[in-house]
Amino acid sequence: MRISKSQYLFILTVMLAVYYLVIGIYLNHLGYYNQESIFYIEKTKIIFEGLGNRIKVMGLTAPLLPFYSTFIFSLINTYLAPVMASAIGTAILFYIIARALTSRIENDFYLYLVLVMFFFHPGIIYAACSGKAIYLVLTFFFLFFFNLLKFYRSNTTFHVSIASICLVTLIFCDYRFIWLTLFFVPLVLAISIQSLNLGEKESIFRLFLSFNSPSLRRKLISKTFAIYVILFILPVASVICYKLLNLTHSGDLNYFIESPYATWSVLVDKLNFDITTVSSNYQLPELPILVSLRVIYFCPLILVAIYLFRESTYQALTILTPFAFIEFLHIKYDKLFLNYEYYLIFLILAILCLIFKALTVKNQFIFKVILTAVVLVQLYTGYIFLNKSLIRDEKRFITTLIGQKPNLDQGESMEMAGFINSLPKDSHVLMDDAIAYPIAAFTTNIRRLTLPYQDLFLSAIETPYRYDDYILIATATNPYTGYTQLNNKYLPAIRTVNSGVNYKRVYVTDNWILYKIITIQ
């Protein structure tokens with residue numbers, strides 16, 4: 001019995017999902033965790049097992065959609081939930097791309113080319129097996145541009161509406177994509193001009209004709225305004241509503257992007273930058289303009305994509321928009337490094353361009369040879385980018401995968417959590433999960449921890465002996481010590497207020513000290 005194309009794609013998708021799951025679970029057993037997945041694990045444990053008001057944790061943990069996708073798989077296994085979400089999510093991304101490709105191109109060469117990238121490209125393997133939410137960003141980034149390009153062909157505003165929905169979900173996967181809208185503001189005018197029924201094909205002459213005809217001018221203004229509303233009103237309204245939600249429950253409009261209790265990246269990104277820039281062998285790799293050159297080095301296929309759209313100015317400008325976006329990010333967030341996902345979006349964009357334009361090339365044989373060579377180069381550069389990444393989690397992923405040796409990055413957190421797990425069952429530990437969330441994540445019973453989401457946390461800090469038996473303190477050598485009250489300055493300060501309370505060290509690591517409250521006079 002001959003299987004259909006959709007069944008064939010489904011089988012390939014299942015194979016990919018199993019392949020990613022095997023790699024991800026294997027890395028998990030080697031001890032590989034990244035800060036994002038650990039953060040989601042800890043917040044999930046609070047929601048399922050914690051005590052006190054957990055609504056704020058459920059509603060304001062950001063990014064919202066990645067957290068919820070991990071939240072679903074935690075019903076199976078809390079510690080493997082991020083890996084399961086990213087593995088299955090990346091496989092679904094392949095299915096979406098493959099469906100779009102096979103519906104437009106019958107030649108299986110292009111399908112197998114995409115399949116090779118999803119099986120062997122280190123960046124896609126990283127997105128699928130690391131437990132990070134890159135797969136969601138890539139999925140909705142693809143759908144956003146896919147629907148825009150469909151609108152260019154059909155001139156149907158339905159596709160703009162779908163693109164707007166995809167943009168909303170993209171923003172709630174990574175808030176920094178809100179800045180992508182900046183570069184579509186001038187582009188919408190070009191789109192509106194192109195959508196007018198004019199005999200002239202050059203955009204500049206179409207604009208001249210439109211402005212010199214009252215009827216065309218009114219039509220251009222109306223259409224431009226309509227596209228602006230359809231494309232941007234939903235993202236703007238969604239962000240405003242979410243900010244008001246944050247203001248209502250935390251007293252801060254930007255709580256979801258500025259608080260270490262709401263998002264993992266606010267401290268981790270800063271620490272990555274601070275540690276790397278003070279290193280003696282540090283060489284600045286990200287400079288304006290050079291960021292775009294690094295993109296081309298990482299994804300030379302994007303040059304092929306731009307070439308395919310060379311005859312359509314406004315479509316070529318659409319493809320170039322992400323270049324302006326990442327240059328803007330580098331300028332605005334000058335104290336942070338660009339994460340790997342911001343380079344991977346160009347790989348997805350290049351594949352999308354092939355879907356729409358690959359068959360327009362007359363000499364298919366030469367074109368396929370060029371594509372094969374470019375893809376092979378990309379497999380190599382994808383590995384180089386990970387192996388030389390200045391972000392610790394990214395580099396650790398590829399070194400753990402290639403070296404197949406136990407990863408000890410979370411060894412200290414597991415060690416401290418193991419000791420806390422061995423304490424008497426009725427013991428309670430005061431800790432600040434703004435920085436100690438890895439320890440909280442590996443703690444078996446999170447109900448034994450007094451954490452900031454609980455209403456009694458502030459009272460516990462002022463009079464710990466009334467609520468807890470132990471206190472977890474960040475040492476002076478802990479890189480996050482300046483971001484918490486529970487550091488080496490806390491005990492001297494609390495002793496002046498409660499001089500009758502004694503504290504005894506019961507467990508010490510390089511970055512943490514666990515004190516026991518032993519006497520109340």
Side-chain angles (χ1 to χ4, degrees), residues 35 38-39 42-43 45-46 50-54 56-57 60-62 246 249-252 254-271 274 412-413 416-417 419-420 423 427-443 446-520:
Q35 299 297 327
I38 293 176
F39 186 83
E42 191 252 354
K43 298 305 179 189
K45 287 173 73 72
I46 287 175
L51 296 172
N53 184 8
R54 291 163 281 169
K56 183 175 176 180
V57 176
L60 302 184
T61 298
N246 278 260
H249 291 280
S250 68
D252 183 3
N254 295 320
Y255 174 81
F256 68 103
I257 54 174
E258 294 180 351
S259 172
Y261 300 111
T263 180
W264 63 275
S265 61
V266 65
L267 295 183
V268 174
D269 287 346
K270 291 178 182 178
L271 185 66
D274 292 342
E412 184 179 9
S413 297
M416 181 59 75
F419 183 82
I420 292 174
L423 295 174
S427 301
H428 286 81
V429 182
L430 176 66
M431 75 169 62
D432 184 0
D433 66 346
I435 66 170
Y437 61 87
I439 297 175
F442 294 119
T443 301
I446 206 164
R447 294 190 175 193
R448 301 167 64 183
L449 308 181
T450 302
L451 299 171
Y453 79 92
Q454 297 171 306
D455 295 333
L456 55 82
F457 180 75
L458 292 178
S459 300
I461 284 184
E462 294 176 359
T463 55
Y465 57 87
R466 295 182 184 273
Y467 301 90
D468 297 285
D469 307 292
Y470 298 86
I471 305 175
L472 184 66
I473 298 293
T475 65
T477 58
N478 191 313
Y480 293 114
T481 191
Y483 298 99
T484 178
Q485 287 181 277
L486 300 179
N487 54 30
N488 59 312
K489 298 178 182 178
Y490 171 73
L491 288 184
I494 206 71
R495 280 193 180 107
T496 61
V497 179
N498 303 287
S499 57
V501 181
N502 294 325
Y503 304 90
K504 178 184 177 182
R505 293 187 180 191
V506 293
Y507 202 81
V508 180
T509 64
D510 292 338
N511 294 313
W512 303 99
I513 303 175
L514 186 67
Y515 285 92
K516 182 179 181 181
I517 305 172
I518 57 172
T519 304
I520 300 177

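Positions are given from 1 along the sequence.
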4.5 Å side-chain heavy-atom contact, [X] and [Y]:
{"X": "Ile517", "Y": "Ile471", "value": "yes"}
{"X": "Val506", "Y": "Tyr515", "value": "no"}
{"X": "Ile257", "Y": "Thr263", "value": "no"}
{"X": "Val429", "Y": "Thr450", "value": "no"}
{"X": "Trp512", "Y": "Leu472", "value": "yes"}
{"X": "Lys56", "Y": "Ser250", "value": "yes"}
{"X": "Ile38", "Y": "Trp264", "value": "no"}
{"X": "Ile513", "Y": "Tyr507", "value": "no"}

- Message: For Asp432, give me all partners under salt bridge (Lys or Arg N to Asp or Glu O under 4.0 Å), at least two apart in sequence or on another chain.
- Response: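 Here no residue qualifies.
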
- Query: Mind checking what makes salt bridge (Lys or Arg N to Asp or Glu O under 4.0 Å) contact with Asp269, not counting sequence neighbours?
  - Reply: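 Applying salt bridge (Lys or Arg N to Asp or Glu O under 4.0 Å) to Asp269 gives Arg176.
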
- Message: Evaluate His428 against Leu449 for side-chain contact (heavy atoms from CB on, under 4.5 Å), listing each step before the verdict.
- Response: CA-CA 6 Å; His428 286 81; Leu449 308 181; over 6 Å; no

Has [X] got a side-chain atom pairing as donor or acceptor with [Y]'s backbone, closer than 3.5 angstrom?
{"X": "Ser413", "Y": "Phe442", "answer": "no"}
{"X": "Thr463", "Y": "Ser459", "answer": "yes"}
{"X": "Asp433", "Y": "Leu451", "answer": "no"}

If I take atom [atom1] from residue [X] and atom [atom2] from residue [Y], how far apart are they, to the nearest 0.5 angstrom?
{"X": "Tyr480", "Y": "Lys270", "atom1": "OH", "atom2": "NZ", "value": "11.5 Å"}
{"X": "Phe419", "Y": "Thr509", "atom1": "CZ", "atom2": "OG1", "value": "11.5 Å"}
{"X": "Asp455", "Y": "Leu51", "atom1": "CG", "atom2": "CG", "value": "12.0 Å"}
{"X": "Thr443", "Y": "Ile420", "atom1": "OG1", "atom2": "CD1", "value": "5.0 Å"}
{"X": "Asn488", "Y": "Thr475", "atom1": "CG", "atom2": "OG1", "value": "7.5 Å"}
{"X": "Gln454", "Y": "Ile46", "atom1": "CD", "atom2": "CD1", "value": "8.0 Å"}

Would you name the heavy atoms of [X] and [Y] that are closest together and state the gap between them?
{"X": "Ala434", "Y": "Leu267", "result": "O-CD1, 3.8 Å"}
{"X": "Ile446", "Y": "Ala440", "result": "CD1-O, 4.2 Å"}
{"X": "Ile439", "Y": "Ala417", "result": "O-CB, 3.6 Å"}
{"X": "Gln35", "Y": "Pro438", "result": "OE1-CG, 4.3 Å"}
{"X": "Tyr261", "Y": "Pro452", "result": "CE2-CG, 3.3 Å"}
{"X": "Ala460", "Y": "Tyr467", "result": "CA-CD1, 3.6 Å"}

- Message: Heavy-atom count check: over 12 atoms from other residues, nucleotides or ligands less than 6.0 Å from Lys516 NZ?
- Response: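 Open: at most 12 neighbouring heavy atoms sit under 6.0 Å from NZ of Lys516.
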
- Enclosure of Glu258 CD (heavy-atom neighbours >12, cutoff 6.0 Å):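 Count over threshold, so yes.
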
- Query: Is the cationic atom of Lys45 (NZ for Lys, CZ for Arg) positioned less than 6.0 Å from the six-membered ring centroid of Tyr437 and within 45 degrees of its normal?
  - Reply: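 Judged by the rule (NZ or CZ under 6.0 Å from the ring centre, within 45° of its axis), Lys45 is not positioned above Tyr437.
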
- Task: Check the pair Ile494, Thr496 against side-chain contact (heavy atoms from CB on, under 4.5 Å), reporting the backbone distance first and the verdict last.
- Result: CA-CA 5 Å; Ile494 206 71; Thr496 61; over 6 Å; no

- Query: Does one side chain, of Ser427 or Asp469, offer a donor that lies under 3.5 Å from an acceptor on the other?
  - Reply: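 Short answer, no.
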
- Task: Could you walk me through whether Leu430 and Leu486 pass side-chain contact (heavy atoms from CB on, under 4.5 Å), step by step?
- Result: CA-CA 9 Å; Leu430 176 66; Leu486 300 179; 4.1 Å; yes

- side-chain contact (heavy atoms from CB on, under 4.5 Å) assessment of Tyr503 paired with Arg495: CA-CA 9 Å; Tyr503 304 90; Arg495 280 193 180 107; 3.9 Å; yes

